[in-house]
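Worksheet for the structure shown next.
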Amino acid sequence: MGTASRIPSGGPKRLGSVAVAAALPWAVVLLVWYASGFGFLSLLEWRSVDLRFLIRGPLEPDPEVVIVAMDEDTFRRLRLRYPFPPVVYADLIRRLDEAGAAAILFDFLFSEPSRECDPPGQDEILAESVGRAGNVVWAIELEGGERPVDPVPVIREAAAALGYINLPDEVDSRVRRFRPEASGRNSFALAGLLVYAGFVPEAWRGSGLRLINFRGGSGTFPYVSMADLLEGRADPALIRNRICLVGATFAASHDVYATPYHRTHRADMPGVEIHANIIGNLLRGDALDPDRGVVQWGTLLVLCLGISALLILERVWWSLSLWFAASLGWSAWAMERFLHGSVVLLVPPLVALAGTFWLGAFYAYLSERDRRRAIRRLFGHYVDPSVITWLLKNPESVQQEGIRRMVTILDTDIEGFTAITEKMDPSALVSRLNTYFEEVTQAAIEAGGMHDKFKGDALMVIFGFPMEQPDHALRALRAAREILRRLEVLNREWERRGLQPFRTRIGISSGEVVMGNVGGTKRKSFTAMGDAANMAARLEGLNKNYGTRVLLDDSTASLLPRDIPLRDLGEAQIRGYSRPVRLFNPAFDEPPPESRH
């Protein structure tokens, strides 16, 4: 008794929620997947890669690589203007060769002959030094990314190899990737490694973009000033058996770039050091590997489905916890994979997880708002405001499709109402009826009842729903007493005004009923269906046979406390019921003696 059992139903709204819970993650993940390759989301992903570099910190530079820098000190000490005469580069190559350089990579374009002001034959002198060393790689540029701009013919023929120095453009102008090959030409780093080692693994060839595993920010690789080499002050041990990259590092060269370690207001890594990083990647085979596998997206979809499902199941805190845990776990996993040379997506998955939660939460909010509106619409005119408040906090206690509940039903009717309507003006009759119903419904609601419906001059009230009330029978009896009391006050006022008083009859019955929203698609009514509802109506009508105003059956009497005084009226055969029903009349009902039969 006092418990409710739900009735199975199609539950279209519930099915709709399930459909949303299943479709939302798919939509979010597919949208994020599509948007992850460009625009703002792509920029954020690249910045997350930069952040991973900063968290990891700098690595030891590759010991086989050294940078020979044309720096500000070189200009100050050599007292030369840029570009230097070719004989300066020829002398530099000679000294590097004598120091035992394994490979010499010139990060300078030499696409035009010497200046007319320089002594004649200097290009040939430079070409002779290049050819004598036999390990010089000269830089070229791919104009438009395709057409090569080679050095002057004598240099091109003397060099051991040529390599392009172009770097791919990124969305935020930071250098992060390189192409080992393009347009049938080797990159500067790849050409240098071929001269140094004689071969490159096939895996490191191709025109696909590779992510540079930067060893650190600007200055990570060892630098040797060009002036120190030309003046014979450099330690030969810094040069011996190493790949020497010769390039400009002075500020006016404008050959500087922003990288993942860039944190100043302007680019700060010389292009020659970027190539040093690329060579180090090729030497160690540790360029970063972008991982965009199906498994990642499948895992992300499963996590988003879990977040969405928990929201639909109204487990908001569990969903929130899963979102946080999945986001933190994914971030930690992305960092762990980065430390092992693999770059997995970070920002798009975090956006997908957050988007699933917040869109799901918004849908849950809209569903909850609609449910609250439905509860107010269903019960706003039937129960006390405190019950509405309770229902909004406990919406699971009632469902519109149907619910079984043990309740007590009170049914009232005005005796002789048809005769009264024939004697009264319609507007006056409606006014009196509204006053009567106001008092009756207020008495019932204050006792904890739910006004179910008006039936002409009759009223039906349910006790024990929507809030479970163990004492629903007692509440109904108290409501009956209060209705009679209030009616006596009304009748005294009406008699004083010369109006005919109302005499109401009340039937009370307890039992299990089905509560549900019944009606057509456009108009419905929340009501009770079952024996108790029918019996209450029958008992109300039997009052005229017993001269009473209140009758209750044995099902209600058995639920009342023993100290409630009742008059046992014996058994009666009720129309529509095969077995006799024992009737009771409460002691507070004192009908006039002449009305008894």
Side-chain angles (χ1 to χ4, degrees), residues 3-36 41 294-331 333 345 347-380 387-405 465-468 514-518 521 524 526:
T3 60
S5 58
R6 298 188 178 182
I7 298 173
S9 66
K13 289 188 177 180
R14 192 63 178 176
L15 290 176
S17 297
V18 172
V20 170
L24 177 63
W26 279 95
V28 171
V29 170
L30 287 174
L31 179 62
V32 169
W33 171 79
Y34 174 75
S36 63
L41 200 59
V294 176
V295 174
Q296 283 189 49
W297 290 103
T299 303
L300 178 62
L301 179 60
V302 170
L303 291 172
C304 290
L305 283 169
I307 291 172
S308 180
L310 288 171
L311 282 171
I312 297 301
L313 292 173
E314 301 178 4
R315 301 293 189 269
V316 177
W317 288 109
W318 281 101
S319 181
L320 182 64
S321 300
L322 178 58
W323 170 35
F324 280 146
S327 299
L328 290 174
W330 195 287
S331 300
W333 177 64
L345 287 172
V347 172
L350 295 183
V351 170
L353 292 168
T356 299
F357 176 81
W358 287 112
L359 288 175
F362 182 65
Y363 176 78
Y365 161 76
L366 293 180
S367 298
E368 178 66 15
R369 185 191 63 180
D370 291 343
R371 183 163 58 179
R372 286 173 173 263
R373 287 178 175 176
I375 289 174
R376 290 188 183 276
R377 189 164 54 247
L378 281 171
F379 300 105
V387 178
I388 293 291
T389 303
W390 181 87
L391 281 173
L392 294 176
K393 294 179 180 178
N394 302 273
E396 71 283 352
S397 64
V398 60
Q399 60 182 35
Q400 298 182 38
E401 291 83 1
I403 186 171
R404 294 188 186 278
R405 182 68 66 82
F465 186 87
M467 295 176 63
E468 291 191 8
V514 174
M515 305 294 303
N517 208 24
V518 179
T521 56
K524 294 185 178 182
F526 203 90

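Throughout, numbering of the chain's residues begins at 1 and tracks the sequence.
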### From Trp33 atom CH2 to Trp26 atom CH2, the distance as rounded to the nearest 0.5 Å
12.5 Å

## Note on the structure
Separation between CH2 (Trp297) and CG (Leu30), nearest 0.5 Å, reads 9.0 Å

Residues 298-308, side-chain donor-acceptor partners within the protein, below 3.5 Å, at least two apart:
residue	atom	partner	partner atom	Å
Thr299	OG1	Val295	O	2.8
Ser308	OG	Ala21	O	2.9

#### Entry: Test applied, side chain to side chain contact (heavy atoms under 4.5 Å, CB included); reference residue, Val351; option that passes from Leu41, Thr356, Leu345
Leu41

### Query
Phe362 versus Leu366: any side-chain heavy-atom pair under 4.5 Å?
yes

### Query
At their closest point, which heavy atom of Leu311 faces which heavy atom of Ala364, and how far apart are they?
O-CB, 4.4 Å

### Summary
Heavy atoms of Trp333 and Gln296 approach each other most closely as CH2-CG, 3.8 Å

### Task
Provide the full list of side chain to side chain donor-acceptor pair (under 3.5 Å) pairs with a residue in residues 318-327, sequence neighbours left out, each pair given once.
Trp323-Ser327

